[in-house]
Amino acid sequence: MSLEADVADLWNRYQDGLTAADATDADAAVIDEFLAALEAGEVRAAEKTGDDVTSWEANEWVKRGILLNFGLRETEPREYGGVTYHDVLPLRDTDDLAERGTRNTPDGTTIRRGAYLGSDCIMMSPSFVNVGAYVGDGTLVDSCDTVGSCAQLGENVKLGANTLIGGVLEPVEDAPVIIEDGVSLGAGCRVTSGFRVGEDSIVGENTLLTPRIPVYDLVEEEVVYGHLPAERRAFTRMVESSVGDHDLFEGGAYKPAVVATHVEEETLEATRREDALRE
């Protein structure tokens with residue numbers, strides 16, 4: 001049987017009442033093999049099915065495989081840096097990172113099992129990459145960044161300091177946050193609830209990207225939700241709210257929105273990739 005078939009069979013048994021206490025060594029071997037496949041980049045929680053950033057779809061069987069690691073494992077005391085913590089998953093073995101030119105700085109770079117890091121990545125401390133996340137080649141995860149469960153980051157992405165990439169495990173059909181190749185997110189950005197950022201876009205500091213906030217795309221002159229098209233420069237602005245004339249307060253009421261426009265040459269220069277960091 002294939003790994004996907006093994007996971008599907010185990011998921012059906014889990015839905016029928018299989019517990020961590022009842023799981024066999026063979027069951028444990030399946031979910032261990034699954035985590036190894038995630039860490040090798042052989043399976044991913046989502047995949048792009050077309051040319052546009054909106055075409056990403058969740059791989060439901062992969063998300064089920066991740067959920068099985070919570071449902072069929074017991075919480076255990078574990079050791080990291082001389083500190084005992086309790087979790088169902090251990091941290092990821094990082095012995096394979098050096099051979100790919102990827103590095104993580106000490107005292108606070110935490111990579112959970114089932115996370116993939118490509119070649120020439122940089123993880124600054126403190127930062128955290130959760131189970132099922134995919135971090136593409138050449139990507140920078142800066143200090144105080146979080147890459148949530150199943151989030152998919154492309155190649156040569158730059159996450160500014162204190163940036164949050166949200167995670168999603170349930171429901172299994174929901175696609176996670178997608179950050180495509182060449183994207184640069186300024187410090188303090190938050191990307192949540194399955195929002196998708198198109199390739200080579202540049203997002204200003206402290207911008208919140210979530211499907212509930214409209215994106216005013218000045219390039220195509222349309223309002224979109226849930227994604228930022230490719231090759232855009234995006235930043236937050238306040239627009240009038242529908243409750244602006246409410247009797248309880250004077251003056252206008254406003255809500256956040258995202259404005260997207262063309263990427264300008266000077267903006268590209270300000271976010272250029274420094275190859276010296278990866279030599």
Side-chain angles (χ1 to χ4, degrees), residues 3 6-7 10-11 13-15 17-45 59 61-100 102-119 121-135 139-153 159 161-170 172 176-177:
L3 178 59
D6 287 339
V7 168
L10 194 53
W11 177 261
R13 292 169 53 215
Y14 174 64
Q15 292 295 97
L18 180 67
T19 67
D22 299 328
T24 66
D25 289 344
D27 297 333
V30 169
I31 55 179
D32 279 339
E33 180 185 357
F34 173 77
L35 289 179
L38 281 173
E39 293 171 1
E42 296 169 356
V43 299
R44 294 177 63 168
N59 280 326
W61 79 269
V62 174
K63 294 178 72 176
R64 288 183 178 127
I66 295 172
L67 291 172
L68 285 171
N69 276 275
F70 292 94
L72 298 182
R73 292 183 188 272
E74 302 281 4
T75 298
E76 300 178 21
R78 304 178 187 277
E79 295 288 332
Y80 175 76
V83 175
T84 300
Y85 69 100
H86 295 79
D87 197 359
V88 294
L89 287 175
L91 299 183
R92 187 190 191 284
D93 190 326
T94 58
D95 289 347
D96 62 320
L97 299 186
E99 64 190 31
R100 296 203 303 274
T102 287
R103 63 182 189 268
N104 59 314
T105 58
D107 296 330
T109 51
T110 304
I111 311 170
R112 213 171 185 199
R113 277 226 64 186
Y116 172 80
L117 271 72
S119 300
C121 294
I122 301 172
M123 278 192 66
M124 300 300 296
S125 59
S127 57
F128 176 71
V129 179
N130 207 348
V131 59
Y134 184 100
V135 180
T139 287
L140 168 65
V141 179
D142 210 341
S143 297
C144 300
D145 289 348
T146 295
V147 180
S149 56
C150 299
Q152 304 290 294
L153 276 59
L159 303 184
N162 200 30
T163 291
L164 168 66
I165 306 299
V168 60
L169 279 176
E170 300 176 298
V172 293
V177 170

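By convention here, the first residue in the shown sequence is residue 1.
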Visitor: Step by step, work out the side-chain contact (heavy atoms from CB on, under 4.5 Å) result for Val62 and Leu38.
Guide: CA-CA 9 Å; Val62 174; Leu38 281 173; 3.9 Å; yes
Visitor: Looking at side-chain heavy atoms only, is the closest gap between Val141 and Ile165 below 4.5 Å?
Guide: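 SC-SC contact between Val141 and Ile165 ruled out.
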Visitor: Indicate yes or no for a side-chain donor-acceptor contact from Arg92 to the backbone of Ala115 under 3.5 Å, with no hydrogens or angles considered.
Guide: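 Yes, because the side chain of Arg92 sits within donor-acceptor range (under 3.5 Å) of the backbone of Ala115.
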Visitor: Main chain of Arg44, side chain of Asn59: is a donor-acceptor contact present, judged purely on distance under 3.5 Å?
Guide: yes
Visitor: Look up atom CD1 in Ile111 and atom OG1 in Thr94, then write down how far apart they are to the nearest 0.5 Å.
Guide: 6.0 Å
Visitor: State the CD-NE2 distance between Glu76 and His86, to the nearest 0.5 angstrom.
Guide: 10.0 Å
Visitor: Please find the pair of heavy atoms, one from Leu117 and one from Cys121, that lie closest to each other, and give the distance.
Guide: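 Looking at all heavy atoms of both residues, the closest pair is C-SG, 4.4 Å.
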Visitor: Using a 4.5 Å cut-off on heavy atoms from C-beta on, say whether the side chain of Leu67 contacts that of Trp11.
Guide: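 A side-chain contact under 4.5 Å exists here.
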Visitor: Judged by atom type as modelled, is there a donor-acceptor pair below 3.5 Å linking the side chain of Glu99 to the main-chain atoms of Leu97?
Guide: no
Visitor: Charged N to carboxylate O below 4.0 Å: is that the case for Asp32 and Arg73?
Guide: yes
Visitor: Taking Arg112 for the side chain and Ser149 for the main chain, is one N or O donor matched with an acceptor at less than 3.5 Å?
Guide: no
Visitor: Starting at OG1 of Thr109, measure out to CZ of Phe128 and round the result to the nearest 0.5 Å.
Guide: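 The distance works out to 11.5 Å.
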Visitor: Show the nearest heavy-atom pair for residues Leu169 and Ile66, with the distance to one decimal.
Guide: CD2-CG2, 3.6 Å
Visitor: To the nearest 0.5 Å, what is the distance between CG (Asn104) and CD1 (Ile122)?
Guide: 11.0 Å
Visitor: Taking the side chain from Thr105 and the backbone from Ser125, do they hold a donor-acceptor pair closer than 3.5 Å?
Guide: yes
Visitor: Could you pull out the closest heavy-atom pair between Leu72 and Leu18, with the gap in Å?
Guide: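 Closest heavy-atom pair between Leu72 and Leu18: CD2-O, 3.8 Å.
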Visitor: Under a 3.5 Å distance rule, please check whether Glu39 uses its side chain to pair with a backbone N or O of Tyr116 as donor and acceptor.
Guide: no
Visitor: For residues Asn69 and Val131, determine if any side-chain heavy atom of one lies less than 4.5 Å from a side-chain heavy atom of the other.
Guide: no
Visitor: So, for Leu3 and Ala37, which heavy atoms are closest and what is the spacing to 0.1 Å?
Guide: CD2-CB, 3.8 Å
Visitor: Can you see which heavy atom on Leu159 is nearest to which on Asp142, and at what distance?
Guide: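 Where Leu159 meets Asp142 most closely, the heavy atoms are O-CB, 3.1 Å.
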Visitor: Taking side chain as C-beta onward, heavy atoms only, is Asp87 less than 4.5 Å from Tyr80?
Guide: no
Visitor: With side chains defined as the heavy atoms from C-beta onward, is the minimum distance between Leu35 and Leu89 less than 4.5 Å?
Guide: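 They are in side-chain contact.
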Visitor: Are the side chains of Ser127 and Ser143 in contact, using a 4.5 Å heavy-atom criterion?
Guide: no
Visitor: Could you go step by step and tell me if Phe34 and Asp6 meet the side-chain contact (heavy atoms from CB on, under 4.5 Å) rule?
Guide: CA-CA 9 Å; Phe34 173 77; Asp6 287 339; over 6 Å; no
Visitor: To the closest 0.5 Å, what do you measure between CD (Gln15) and CZ (Arg64)?
Guide: 8.0 Å
Visitor: Look at the side chain of Asn130 and the backbone N and O of Val147, then say whether any donor-acceptor pair between them is shorter than 3.5 Å.
Guide: no
Visitor: Measuring from Asp145:CG to Thr163:OG1, what's the distance to the nearest 0.5 Å?
Guide: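 Between Asp145 CG and Thr163 OG1, I get 5.0 Å after rounding to 0.5 Å.
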Visitor: Write down the atom of Gln152, the atom of Gly132, and the distance for their closest heavy-atom approach.
Guide: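 So the minimum-distance heavy-atom pair works out to NE2-O, 3.5 Å.
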